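Report on the following structure.
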Amino acid sequence: EDQVTQSPEALRLQEGESSSLNCSYTVSGLRGLFWYRQDPGKGPEFLFTLYSAGEEKEKERLKATLTKKESFLHITAPKPEDSATYLCAVRSNMNYGGATNKLIFGTGTLLAVQP
Amino acid sequence: NAGVTQTPKFRVLKTGQSMTLLCAQDMNHEYMYWYRQDPGMGLRLIHYSVGEGTTAKGEVPDGYNVSRLKKQNFLLGLESAAPSQTSVYFCASSMGTRGQAFFGQGTRLTVV
């Protein structure tokens, strides 16, 4: 069964202290790995899509990388406004009784960046 | 750009009452989804639609029904609300099977 595990569950950083969030996955044929940011009381906001091992995407202080088993979201010199929950999701080839376009989400990493 | 709009944003129901959540998207997307988000459980797919007039069950469909009469709208119904349906509900849409999903702002539902 396809599965997504994110770690750590929560991370507290000082402003400027770089770190990485992990997303481990097991899927039957990866058709995309997605990173989202979710602020309290809001819907998830799309950040990146990665499709194949070795692929990297960057946006401001965020950089997402992908291997065959996991993805990392690297945060360089974070600022307080980067505080949010970061969600990872995968889409696979597996047919879930017809739900071939199912996005499987991890439970997220709650990031707090203190000034 | 409105994107994906959900109504209402908040609702309190009594056990046994019914209600309908409305999702509207203005991006001409074929695929639409309803998720629920609970602490420690992540986002779980309730029902989805791959086009106007089509619907299908997701991971946790029991107690919910959906309809997609118009391409831009996806309705989620609760016929007889239960406390276990207390959750935050998100609607999402995507163009196809490879692109990202765009989410609405969510509906916080409490069933007492």
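What's counted below: heavy atoms across the whole structure, side chains too, no hydrogens, waters or symmetry copies. Letters go in sequence order (proteins before strands), and every chain restarts at 1. Only a predicted model underlies this, so the values are computations on that prediction, with no experimental measurement involved.
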Subject >> Interface residues of residues 47-85 of chain A facing chain B - heavy atom cut-off under 4.5 Å >> reply: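 Under the 4.5 Å heavy-atom cut-off, A:T49, A:Y51 qualify.
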
Subject >> Side chain, backbone, both or neither of B:Q6 within contact of chain A (heavy atoms, under 4.5 Å) >> reply: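 Answer is neither: B:Q6 stays 4.5 Å or more from chain A.
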
Original post:
Which bit of A:E9 is near chain B, if near means a heavy-atom gap under 4.5 Å: side chain, backbone, both or neither?
Top reply: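 Neither part.
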
Original post:
Less than 4.5 Å apart, any side-chain heavy atom of B:Y35 and any of A:L103?
Top reply: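 Yes, side chains in contact.
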
Original post:
Quick one: does A:Y36's side chain get under 4.5 Å of B:Q100's, heavy atoms only?
Top reply: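 Contact flag for A:Y36/B:Q100 side chains = yes.
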
Original post:
Is it the case that more than 12 heavy atoms not belonging to B:M41 sit under 6.0 Å from its CE atom?
Top reply: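 No - once you tally the heavy atoms of other residues, nucleotides and ligands closer than 6.0 Å, there are 12 at most.
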
**OP:** List for me each residue that meets salt bridge (charged side-chain N to carboxylate O under 4.0 Å, His left out) alongside A:D39, sequence neighbours excluded, and say none if there are none.
**Re:**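 Partners of A:D39 by the salt bridge (charged side-chain N to carboxylate O under 4.0 Å, His left out) criterion, ordered by chain and then number, come out as A:R37.
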
Original post:
Looking only at heavy atoms, which of residues 60-93 of chain B get nearer than 4.5 Å to chain A?
Top reply: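 Only B:F90 of residues 60-93 of chain B have a heavy atom under 4.5 Å from chain A.
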
**OP:** Would you please go through residues 101-112 of chain B and name the residues with a non-hydrogen atom below 4.5 Å from one of chain A, in numerical order?
**Re:**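 Residues of residues 101-112 of chain B touching chain A at under 4.5 Å: B:A101, B:F103, B:G104, B:Q105.
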
Original post:
In Å, rounded to the nearest 0.5 Å, how long is the span from CG of B:L43 to CD1 of A:I104?
Top reply: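 Here the interatomic distance stands at 12.5 Å.
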
**OP:** Measure the spacing between CZ of A:F34 and OG of B:S94 and express it to the nearest 0.5 Å.
**Re:**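 Result: 8.5 Å between the selected atoms.
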
**OP:** With a 4.5 Å cut-off on heavy-atom pairs, point out which of A:G43, A:G108, A:G106, A:A89 contacts chain B the most.
**Re:**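 Between A:G43, A:G108, A:G106, A:A89, the count favours A:G43.
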
